[in-house]
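Down below is the structure, laid out as C-alpha cells.
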Amino acid sequence: MTSRDSGTRTRRKAPTERRREIVRAAAQVGLAEGLECVTLRRVADELGVQPGLVSHYFPAADTLVAEAFTSATGAELDGLIPDEPAGPGHETPLSTLRRFFVLIASTEFDNVSKLWLNARHLSRYRPVLRDHVVEQERLWCRRIEQLIAAGTGAGLFRCADPWAAAVHILVAIDGSSAYINTSAGDRTDPIADLARTVAERELGLAPAALAAS
C-alpha cells in the first residue's frame, strides 16, 4: 500500500489558513527578535517550509512585516481591553481599566512595548508599516475612549472628552515605553506608574484608584 493510500500524506492547508499561519509566525519573530528579523527566509525557517511558499503569499517582505505588527498588537489589545461591552457578571469599566494598567506595567508587556518602539522607528522608512502603525494607534485610542465613555456614563469617571483622555493616556504609555530598551531592569515608580497616574487625573479619580488592589 502506498503512503497516499495509507493516509499519511500531509494535509494541504487552505490559503487563508496558511496565510494566517505565516502572519502568526512573523508576529512571534517580531515580538521576540524585532521587526528587522521578519524576513521571508526567517519566517519560512520558523514554519519549516521553503521561502518560496512564504513569498507566494507575501511577495513584498514589508507587507509581511506590517501585518505581523498588526497581528501582534491587535491580539495584545484584545487581551487587555476586549472589544465587547461589559454586562452583568462582567468587569466594569473601572475594573477593566485597573487590570489594563496592571498588565502594561508588568514585564510581560515588555516585548509589546519594544515592538511599538521598533515599529515607530521603522515607519520612517517603510510607508506600508507606517499606515499599519497609524491604524493601530487609532484602534487602541478608540478602544480606550469607548471604555472611558462607558465609565463616565456609569458615573465611575468624570471626563468631558473621552477621546482626548484616551490620547493623553496612550501618549503616556508610549512615553514610558521609550525607555524600555535602556531602563527596563531599573524601573522606578514614577516611570512604571506614569500612564496610570495620568489616567487617574484625566478621569477624576483618587490617586492609586487604578493601582493593583
Side-chain angles (χ1 to χ4, degrees), residues 27 31 66-121 123-124 129-180 184 187-213:
L31 280 166
E67 292 200 24
F69 166 78
T70 292
S71 175
T73 54
E76 188 69 18
L77 177 59
D78 286 340
L80 292 168
I81 305 178
D83 187 20
E84 57 185 23
H90 292 76
E91 290 185 322
T92 66
L94 179 62
S95 63
T96 298
L97 206 53
R98 181 181 293 123
R99 182 174 63 87
F100 172 79
F101 285 111
V102 169
L103 291 174
I104 65 169
S106 70
T107 56
E108 294 180 7
F109 192 71
D110 284 358
N111 279 348
V112 180
S113 295
K114 292 176 182 178
L115 186 69
W116 273 103
L117 189 62
N118 186 200
R120 286 203 169 92
H121 168 67
S123 291
R124 180 178 179 182
L129 177 59
R130 181 172 61 245
D131 290 344
H132 280 245
V133 169
V134 170
E135 183 60 31
Q136 281 299 298
E137 286 174 345
R138 289 173 178 162
L139 180 60
W140 279 62
C141 276
R142 190 65 66 192
R143 196 75 63 87
I144 296 172
E145 177 201 27
Q146 291 170 348
L147 188 61
I148 292 172
T152 301
L156 298 171
F157 310 140
R158 297 192 307 276
C159 181
D161 189 342
W163 173 255
V167 171
H168 294 164
I169 291 168
L170 192 60
V171 168
I173 293 171
D174 290 339
S176 57
S177 296
Y179 296 89
I180 192 66
R187 284 190 175 90
T188 59
D189 288 341
I191 294 176
D193 298 335
L194 174 63
R196 175 180 61 78
T197 56
V198 167
E200 288 163 353
R201 288 195 295 269
E202 290 284 337
L203 304 182
L205 297 172
L210 295 175
S213 55

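Count residues from 1 along the sequence. Please read all numbers here as calculations on a predicted model, not as lab measurements.
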Where S113 and S177 come nearest, the two heavy atoms and their spacing
OG-OG, 3.3 Å

Here the gap from W140 atom CH2 to E76 atom CD, rounded to the nearest 0.5 Å, amounts to 6.0 Å

Non-neighbouring partners of R138 that pass side-chain contact (heavy atoms from CB on, under 4.5 Å), sequence neighbours left out:
V134, E135

With sequence neighbours excluded, tell me which residues meet salt bridge (charged side-chain N to carboxylate O under 4.0 Å, His left out) with R158.
none

Euclidean distance, H132 NE2 relative to L139 CG, rounded to 0.5 Å:
13.0 Å

Separation between CD1 (I104) and CD1 (I81), nearest 0.5 Å, reads 8.5 Å

Qualifying residues under side-chain contact (heavy atoms from CB on, under 4.5 Å), relative to L117, sequence neighbours excluded
I180, N181

Excluding sequence neighbours, so at least two apart, what forms side-chain contact (heavy atoms from CB on, under 4.5 Å) with A212?
V102

Separation between CG of L156 and CG of L205, rounded to the nearest 0.5 Å
8.5 Å

Please identify each residue that fulfils side-chain contact (heavy atoms from CB on, under 4.5 Å) with A211, with sequence neighbours left out.
R196, A208

Quick one: pull up CZ in R143 and OG1 in T96 and give me the separation to the nearest 0.5 Å.
11.5 Å

For S123, side-chain hydrogen bond (donor to acceptor under 3.5 Å, both in side chains) partners two or more places apart
none

What's the spacing between L80 CG and R99 CZ if we round to 0.5 Å?
7.0 Å

With sequence neighbours left out, the residues meeting salt bridge (charged side-chain N to carboxylate O under 4.0 Å, His left out) with E67 are R19

Sequence-distant partners of E145, salt bridge (charged side-chain N to carboxylate O under 4.0 Å, His left out), two or more places apart:
R142

Looking only at non-hydrogen atoms, find the nearest pair between A166 and C141 and report the distance.
CB-O, 3.4 Å

Any V167 side-chain heavy atom under 4.5 Å of I144 side chain:
no

Does anything in residues 141-172 form a ring pair (Phe, Tyr, Trp, His ring centres under 6.0 Å)? List the pairs, not counting sequence neighbours.
none

Evaluate side chain to side chain contact (heavy atoms under 4.5 Å, CB included) for T92 paired with L97, printing each intermediate quantity in order.
CA-CA 8 Å; T92 66; L97 206 53; over 6 Å; no

Could you tell me which residues satisfy ring pair (Phe, Tyr, Trp, His ring centres under 6.0 Å) with F69, sequence neighbours excluded, listed by chain and number?
W116

What salt bridge (charged side-chain N to carboxylate O under 4.0 Å, His left out) pairs are there with at least one residue in residues 164-176, not counting sequence neighbours?
R120-D174

Can you name the salt bridge (charged side-chain N to carboxylate O under 4.0 Å, His left out) partners of D131, sequence neighbours left out?
none

Could you go through L194 and V198, starting from their C-alpha distance and side-chain angles, then the distance that decides it, and tell me whether this counts as side chain to side chain contact (heavy atoms under 4.5 Å, CB included)?
CA-CA 6 Å; L194 174 63; V198 167; 4.2 Å; yes

